[in-house]
2 protein chains.
Amino acid sequence: MVRYMSNNNTMPIEQLADIFKALSNPNRLKIFLLLTTCCSPGTVGIYDKSADVDTMFIGDLGKELEVGKPTVSHHIKELRRVGIIRTERRGQNIACWVDPDIIEQLRTFFTR
Amino acid sequence: MVRYMSNNNTMPIEQLADIFKALSNPNRLKIFLLLTTCCSPGTVGIYDKSADVDTMFIGDLGKELEVGKPTVSHHIKELRRVGIIRTERRGQNIACWVDPDIIEQLRTFFTR
DNA sequence: TTTAATGTTCGAATATTGTCAAACAATAAA
DNA sequence: TTTATTGTTTGACAATATTCGAACATTAAA
């Protein structure tokens, strides 16, 4: 029998719905995509070797979206609230990256 | 370098966001979960061998949710609009199942 | 042909979301 | 210390989403 969902899913349904809600807004989804495919030539993405993740500054993310700074800030806050991204101040800028664990959980969710 | 997103992702960003939006409502997410883990003992789910998918009737799905019939109907319509589920009338009832292709695309999206 | 069961559509009420402008905060540079 | 850069918070408004009751549609059963 084909089964698509993992049985050993420990995350509450409300929390999972919240994660999908965060990814349901086109601008937030773009941020997510920028952070997970950001290191192509011509982009400003940086591969952080020590953390083994791609990072971008919030300002550079904002330049890729056609919304104002408050809106970018709001979306970043929302992505962080549900645990999709993590942030860290670096001087004037704030670096962002996607939490690898969340990706792994989502892949597991859609597997088996 | 770690990469989480598939590069050969052909789906438009708006369409992908729409799929996540469909899964972002707790009641719709429950429907999705009922349809993908529905055949445990004690449930009304049916494994359709010819289609190789789990199916449930809309009425039985509704009994698991604490909302009225119009709301269930609305959610089913939304899940079908974005391509997550498919439906088919069987006598008085309407059978639902999750489209296997969508699951595969979502797993691919969160892979690599 | 009635009646029952299952599901949809419509219209409306309420709640949530996305966005901006203005003001504020924190850091770095001059 | 003054100014520039980067990002956040607040308050407001418009657009969407969620849900329901009432009415309607479709199929099966009596």
> Reckon A/Arg28 has a side-chain N or O less than 4.0 Å from the OP1 or OP2 of C/dT17?
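No, because none of the side-chain N or O atoms of A/Arg28 sits under 4.0 Å from OP1 or OP2 of C/dT17.
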> Determine, for A/Glu88 against A/Arg90, whether the closest basic-nitrogen to carboxylate-oxygen distance falls under 4.0 angstrom.
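Yes, this pair counts.
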> For D/dA17 and B/Lys21 - does any side-chain N or O of the residue sit under 4.0 Å from the phosphate oxygens OP1/OP2?
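Checking D/dA17 against B/Lys21, a side-chain N or O does come within under 4.0 Å of OP1 or OP2.
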> Just N and O in the side chain of B/Asn25: are any of them under 4.0 Å from OP1 or OP2 of D/dT18?
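For D/dT18, OP1/OP2 do have a side-chain N/O of B/Asn25 under 4.0 Å.
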> Once you round it to whole Å, what is the distance between C1' of C/dA4 and CG of B/Asn93?
13 Å
> In this structure, how many angstroms lie between the C1' atom of C/dT16 and the CD atom of A/Glu78, rounded?
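Result: 11 Å.
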> Can a side chain N or O of B/Thr71 be found less than 4.0 Å away from OP1 or OP2 on D/dT18?
no
> At under 4.0 Å between heavy atoms, what does B/His75 touch on the DNA or RNA strands: base, sugar-phosphate, or nothing?
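Sugar-phosphate only.
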> Do the side chains of B/Leu61 and B/Ile76 get nearer than 4.5 Å, heavy atoms only?
yes
> Between A/Arg81 (CZ) and D/dT8 (C1'), how many Å, whole number?
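That distance rounds to 17 Å.
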> What is the distance from CD1 of B/Ile94 to P of C/dT9, rounded to the nearest Å?
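Value for this atom pair: 10 Å.
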> How does each nucleotide of nucleotides 22-30 of chain C score, in 5' to 3' order, for protein heavy atoms under 4.0 Å: base (B), sugar-phosphate only (S), or none (-)?
B----BS--
> Starting at atom NZ of B/Lys30, determine the distance to atom C1' of D/dT19, rounded to an integer number of angstrom.
14 Å
> Ring-plane angle category for B/Phe110 and A/Phe32, please: parallel below 30°, perpendicular beyond 60°, tilted otherwise.
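Correct class here is perpendicular.
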> When you measure from every atom of DNA chain D, which of residues 58-65 of chain A have a heavy atom less than 4.0 Å away?
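Nucleic-acid contacts, sorted: A/Ile58, A/Gly59.
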